[in-house]
Amino acid sequence: MLVIGIIVPSLLFTNIYLLVGLLLVQVPLLLVGRVTRRWVQSLRAGVFLSALIFVVNFFTGPLANAVALTLRFLLLMTTFSFFFMTTSPDDLGLAIDKVGFIRWLSRRWLGYPNALSFTFTTAVRLVPTMAVDAQTVVDAQRSRGLELDKGNLLKRVRNYIPILIPLLLIAIRRSLELAEALEARGFPGKEGRTSLFELRFKLVDYALLGISLAGIVLSFWVFFHYRVPTI
Amino acid sequence: MGENGAGKTTLAKQLNGLLKPSLGRVTVDGDDTTKKSVAQLSRKVGIVFQNPDHLLFSETVKEEVGFALKNFGFEPGVTVKQVERTLEALDLAHYADTSPFLLSGGERKRVALAAVLAWEPDYLILDEPTIGQDYQQKERLRNFILQLNSQGKAVVMVTHDVEFVAECNPKVVLMSKGRIVAQGQADEILSDDGLIEKASLVKPQMAKLFSQLGDFGLPRDVVDVHRAKMLLEEKLSEVKVRVAQSS
């Protein structure tokens, strides 16, 4: 919710002071979550794109606008990476499982209340596994003399065939194995499954939710009633 | 050899330049690996990876084995001949036109081996080659390794299969936590209790037996069955002579 609470105003306004403020608010949170180093890494990966945004906007508009848009990009990136770095997919799955609407939709659509949230968790978890597989496949094919960055554009695209086919097959095989493993353990079980970790709303969560909601409402109100300058 | 995560595969990847040293130097036949491309080094150093599913992609076994030869720029005629020879040697000739994905796990593993052997690298690196192979195939693989060895090629094997190593009695490099902790002949290393435990291995059966026969004046560093048989026969005839003398 805090994520949306930060993103909505940052998309509505291009005021530099506001954007810097929202960025600074997150710094202590990043420190508390002990993810500053990984945050810096993801920022480093975004340097090129933010430079591009800055240059493009610099030539098409005033300087302040370019600065504001670059800041907005950095802010969005920080917010999203903050969310995904501090929230494990398991927790997210559990949280989704609590949402009545998703359970209802899942039951209607797939027949089981937990199916949708489980699908989501699996998808998120598969990304790092696939990345490791991809690296191994690339290593194996390079050991067989495959040179990925050789030849013209068409040749380069074709160079990726020996990488994509094994990767796809591994993914398909893994999903079949996953399905078998699930069935062997009686998935999805009966209605009313209990979970080892129970997520509960604490006072802090309610407070954060309240602040975020208020922020969003305020943002919309200001957006429709006033014109906020860039600087 | 060494425990999981000891750095065996990392070391293997250094040898054909997939990984470059962040400290120090790795040389292959005097050439620094940082100055050569992976393709150039692979021509000399062939690595067979653990899981065949990571490299199989062709429609037929024949094409799969010929893939690397095409990359290395072999003549088409030479390629066909080399592929045939390799498939013959690994007992895969009757699968030449089959899709590699229709083969069993052990057969796929042999196709992966064939795909590397086909260009006859000077150094062959095998990552866990005995996993999923039945006894006969292991025997075949062992003979194959010995044959390559006698042709003057170096074979480096990453493995946990102590019995397989014991029967070959090669030079063993033992790794633990990213460092080489010991190196020497297999019979010295694999009969050393301290080292075995450090690398989280289990002693080969013969070494277990002979560590308990030490009281009878037998050596403790025996790992292969042939040497064990010879030693026991000697001892037996000695005992027989003594019994005959005393009666």
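Each chain gets a letter, A, B and so on, in the order its sequence line appears, and its residues count up from 1. No hydrogens, no waters, no symmetry mates; every other heavy atom, side chains included, goes into these values.
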Heavy-atom pair of closest approach, residues B/Lys153 and B/Glu120 = NZ-O, 3.8 Å
Assess whether side-chain contact (heavy atoms from CB on, under 4.5 Å) is satisfied between B/Ile131 and B/Glu128, documenting all intermediate values.
-> CA-CA 6 Å; B/Ile131 288 181; B/Glu128 299 280 10; 3.8 Å; yes
Salt bridge between B/Arg25 and B/Asp32, side-chain N to carboxylate O under 4.0 Å?
-> yes
Greater than 12 external heavy atoms within 6.0 Å of A/Leu176's CG | yes
Does the pair B/Asp161 and B/Met1 meet the rule for a side-chain contact (heavy atoms from CB on, under 4.5 Å), with working shown?
-> CA-CA 9 Å; B/Asp161 192 337; B/Met1 309 183 86; over 6 Å; no
Within residues 170-177 of chain B, residues adjacent to chain A where the heavy-atom gap is under 4.5 Å | none
Residues of residues 155-163 of chain A contacting chain B, heavy-atom criterion under 4.5 Å, by residue number | A/Pro162
Closest heavy-atom contact between B/Pro204 and B/Leu190?
-> CD-O, 3.7 Å
side-chain contact (heavy atoms from CB on, under 4.5 Å) assessment of B/Val45 paired with B/Val156 = CA-CA 10 Å; B/Val45 184; B/Val156 180; over 6 Å; no
Using a cut-off of 6.0 Å, state whether more than 12 heavy atoms not belonging to B/Glu59 lie near its atom CD.
-> no
Going by atom types alone, do B/Tyr123 and B/Asp29 pair a side-chain donor with an acceptor below 3.5 Å?
-> yes
Just checking, is any N or O donor in the side chain of B/Ser150 or B/Gln147 under 3.5 Å from an acceptor N or O on the other one?
-> no
Measure across B/Val165 and B/Ala186 and return the closest heavy-atom pair with its distance rounded to 0.1 Å.
-> CG1-CB, 4.1 Å
Going through the distances and angles, do B/Glu167 and B/Lys138 end up as a side-chain contact (heavy atoms from CB on, under 4.5 Å)?
-> CA-CA 11 Å; B/Glu167 290 302 300; B/Lys138 274 197 205 177; over 6 Å; no
Which atom pair, heavy atoms only, marks the closest approach of B/Ser42 to A/Arg142?
-> OG-O, 3.8 Å
Would you check if the side chain of B/Lys8 reaches a backbone N or O of B/Gly2 as a donor-acceptor pair within less than 3.5 Å?
-> yes
Are there residues of residues 126-141 of chain A that reach to under 4.5 Å of chain B by heavy atoms, and which ones?
-> A/Asp133, A/Thr136, A/Val137, A/Asp139, A/Ala140, A/Gln141
Is it true that atom CD of B/Glu197 has more than 12 heavy atoms of other residues, nucleotides or ligands lying nearer than 6.0 Å?
-> no
Specify which of A/Ile165, A/Leu164, A/Leu168 makes the most heavy-atom pairs with chain B at under 4.5 Å.
-> A/Ile165
Assess whether atom CZ of A/Arg125 is packed by more than 12 heavy atoms of other residues, nucleotides or ligands within 6.0 Å.
-> no
Looking at B/Arg43, B/Arg108, B/Gln40, which makes the most heavy-atom pairs under 4.5 Å with chain A?
-> B/Arg108
Which bit of B/Ser37 is near chain A, if near means a heavy-atom gap under 4.5 Å: side chain, backbone, both or neither?
-> side chain
Proximal component of B/Asn16, with respect to chain A [non-hydrogen, under 4.5 Å] = side chain
Atom NZ of B/Lys198: over 12 foreign heavy atoms under 6.0 Å = no
Any side-chain donor near an acceptor of the partner, B/Thr60 and B/Asp97, under 3.5 Å = no
B/Ile47 vs B/Val116 side-chain heavy atoms within contact, under 4.5 Å = no
Close contacts, residues 62-96 of chain B versus chain A, judged by heavy atoms under 4.5 Å = B/Glu64, B/Phe67, B/Ala68, B/Asn71, B/Phe72
If one checks every heavy atom of B/Leu56 against chain A at 4.5 Å, the contacting part turns out to be backbone
Which atoms of A/Leu146 come close to chain B, meaning under 4.5 Å heavy atom to heavy atom: side chain ones, backbone ones, both, or neither?
-> both
